Number of protein chains: 2
Amino acid sequence: MAADAVSPRERYRSQVRADIKARAWAQLAKSGASGLSLNAIAKELGMSGPALYRYFGSRDELITELIRDAYRGLADTFRAAADSGAGIEGLAHALRRWALEDPQRYFLVYGTPVPGYHAPDDITSIAQEIMAALLDVCAAAEPEAPAPASAGFTAHLSQHRRWAGDHPATPGVLRRALAFWTRMHGVLSLELAGHFTGMGFDQDRLFDAEVAELASGR
Amino acid sequence: MAADAVSPRERYRSQVRADIKARAWAQLAKSGASGLSLNAIAKELGMSGPALYRYFGSRDELITELIRDAYRGLADTFRAAADSGAGIEGLAHALRRWALEDPQRYFLVYGTPVPGYHAPDDITSIAQEIMAALLDVCAAAEPEAPAPASAGFTAHLSQHRRWAGDHPATPGVLRRALAFWTRMHGVLSLELAGHFTGMGFDQDRLFDAEVAELASGR
DNA sequence: CATGTTAGTTATAGCTTCTAACGCAAGCGA
DNA sequence: TCGCTTGCGTTAGAAGCTATAACTAACATG
């Protein structure tokens with residue numbers, strides 16, 4: 001029955017944690033990760049600084065939680081796209097929508113690394129979920145075009161496929177998944193960082209062109 | 001005669017500025033931009049905190065100077081490669097060498113943007129130098145392969161080429177330069193951020209494969 | 001030599017993260 | 001229902017940061 005009934009204390013606690021994270025996301029979007037201030041969040045919530053440490057042990061712990069949620073959201077987005085039968089183009093556009101929704105969230109996952117920082121294990125396992133969904137989509141896509149220029153590397157991949165876990169992907173699919181990752185990240189992160197602003201061309205079209213070349217096996 | 005003789009004061013001043021920047025680069029490589037501390041640098045140089053403000057007006061000013069130097073170094077690297085007749089492969093490997101030399105320096109240019117920050121004009125003009133060198137190399141490369149998948153975008157580029165300045169590049173060259181930028185950045189920044197570590201494959205080979213596909217017009 | 005410039009100092013304000021010690025109130029078990 | 005425990009929030013404070021202000025000492029120039 002009420003085996004999963006949460007105590008009022010826990011209800012309140014998780015509510016406050018959610019409030020804190022909501023403010024943290026807002027600050028992150030406005031000022032970036034370096035501008036995230038626990039003190040400021042506490043004041044916004046009407047409580048005084050150190051109270052926040054009841055909910056998150058440190059600033060790093062809060063940021064790690066945000067990173068975890070970002071990975072989780074991206075994994076869900078990829079999984080939903082893969083399960084709904086989206087092809088490579090569909091997955092690419094789902095990725096771009098997710099990224100444009102909150103660029104700083106994207107950079108939390110794929111942005112500048114902090115030299116000392118190591119993500120906890122459960123985050124790397126979410127990263128594997130993302131890769132698995134990507135492999136699913138690539139495997140279901142059109143039979144791969146040859147791509148002779150990187151035939152050697154594809155052969156290399158067939159002997160170094162531990163990162164794909166137990167996914168039954170052909171070497172060509174592995175190659176395609178890596179190409180998806182590197183190319184989509186390349187065009188997307190430059191766009192999100194604003195390196196294309198003022199250049200005059202249509203950024204939607206650039207992305208679509210990259211997707212088209214990728215999907216056509218080129 | 002001694003019209004360009006610098007006074008001992010100026011000599012000393014620029015020497016101290018250089019010392020400060022050297023320490024700043026070291027801190028940056030070790031702890032990233034967020035871990036850069038003016039106080040720590042001052043103590044390392046044997047002077048007390050506020051003395052440093054004689055040389056740099058603020059922390060932001062110092063970081064902007066580092067960003068400027070990073071852009072300058074990348075522009076020089078590109079220019080040298082272009083002038084020595086390097087092809088697309090040569091330029092790509094020059095870029096990768098420069099990036100691996102100091103990953104945080106690369107991320108200073110192409111990493112996570114800080115929402116409020118706008119680079120001063122002289123930095124964006126260095127960015128145009130970089131683009132010009134890239135266009136030179138792409139223009140001198142093999143006659144462009146068709147790349148039919150993005151023919152529409154190439155046509156779009158031919159009408160939005162203000163960003164190329166007065167460079168006499170064909171639309172195909174413009175397209176190729178953009179592809180170089182997005183793809184090389186994609187694979188490089190993932191490598192530098194450590195997203196490939198532990199995946200098992202050879203990162204040199206992945207980069208070479210991406211370069212090969214790019215250079216073959218695919 | 002006198003004067004102005006510049007590099008360094010200390011003191012201080014205001015911000016940050018984070019720890020420690022305390023009070024109060026809400027929930028839980030008997 | 002009573003009392004105990006648990007946990008939340010408080011203030012105080014340490015240690016760090018950026019940055020400014022006021023002052024001193026050394027230097028360069030008229």
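Note that the structure is a prediction, hence the values are computed from the model and not measured. Naming: A, B, ... by sequence-line order, numbering from 1 per chain. Just so it is clear, the values below take in all heavy atoms, side chains as well, and ignore hydrogens, waters and symmetry mates.
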Query - Atom pair CG (Leu36(B)) and CD (Gln27(B)), whose distance is rounded to the nearest 0.5 Å - result: 5.0 Å

Return the value, rounded to whole Å, for the distance between atom [atom1] of [X] and atom [atom2] of [N].
| X | N | atom1 | atom2 | value |
| --- | --- | --- | --- | --- |
| Met47(B) | dA19(D) | CE | P | 15 Å |
| Tyr53(A) | dT17(C) | OH | C1' | 4 Å |
| Phe56(B) | dG8(C) | CZ | P | 13 Å |
| Arg11(A) | dC8(D) | CZ | C1' | 18 Å |
| Ile63(A) | dT17(C) | CD1 | C1' | 12 Å |
| Arg9(A) | dC4(D) | CZ | C1' | 12 Å |
| Leu52(A) | dA20(C) | CG | P | 18 Å |
| Ile20(A) | dC8(D) | CD1 | C1' | 12 Å |

Report task. Check whether the side chain of Arg13(A) and the base of dG7(D) form a donor-acceptor pair under 3.5 Å. Result -> no

Query raised in the report: Between the base of dT16(C) and the side chain of Arg59(A), is there any donor-acceptor pair under 3.5 Å?
Result: no

Query raised in the report: Nearest nucleotide by nearest heavy atom, which residue falls closer to the 5' end of DNA chain C, Leu38(A) or Arg54(A)?
Result: Leu38(A)

Any side-chain N or O of [X] below 4.0 angstrom from OP1/OP2 of [N]?
| X | N | value |
| --- | --- | --- |
| Tyr12(B) | dG8(C) | yes |
| Asn39(B) | dG16(D) | no |
| Ser48(A) | dG9(D) | no |

Requested in this report: Would you verify whether the NZ or CZ of Arg17(B) falls within 45 degrees of the ring axis of Phe56(B) while also being under 6.0 Å from that six-membered ring's centre?
Outcome: yes

Query raised in the report: Centre of Phe207(B)'s six-membered ring, under 6.0 Å away, within 45 degrees of the axis: is that where NZ or CZ of Arg96(B) sits?
Result: yes

**Report entry** Over all atoms of both residues, closest heavy-atom pair of Ala33(B) and Ile63(B)
**Finding:** O-CD1, 4.4 Å

Query raised in the report: Parallel under 30°, tilted from 30 to 60°, perpendicular over 60°: which one fits the rings of His185(B) and Tyr110(B)?
Result: tilted

Query raised in the report: Base, sugar-phosphate alone, or nothing: which one does Tyr55(B) contact when heavy atoms must sit under 4.0 Å apart?
Result: sugar-phosphate

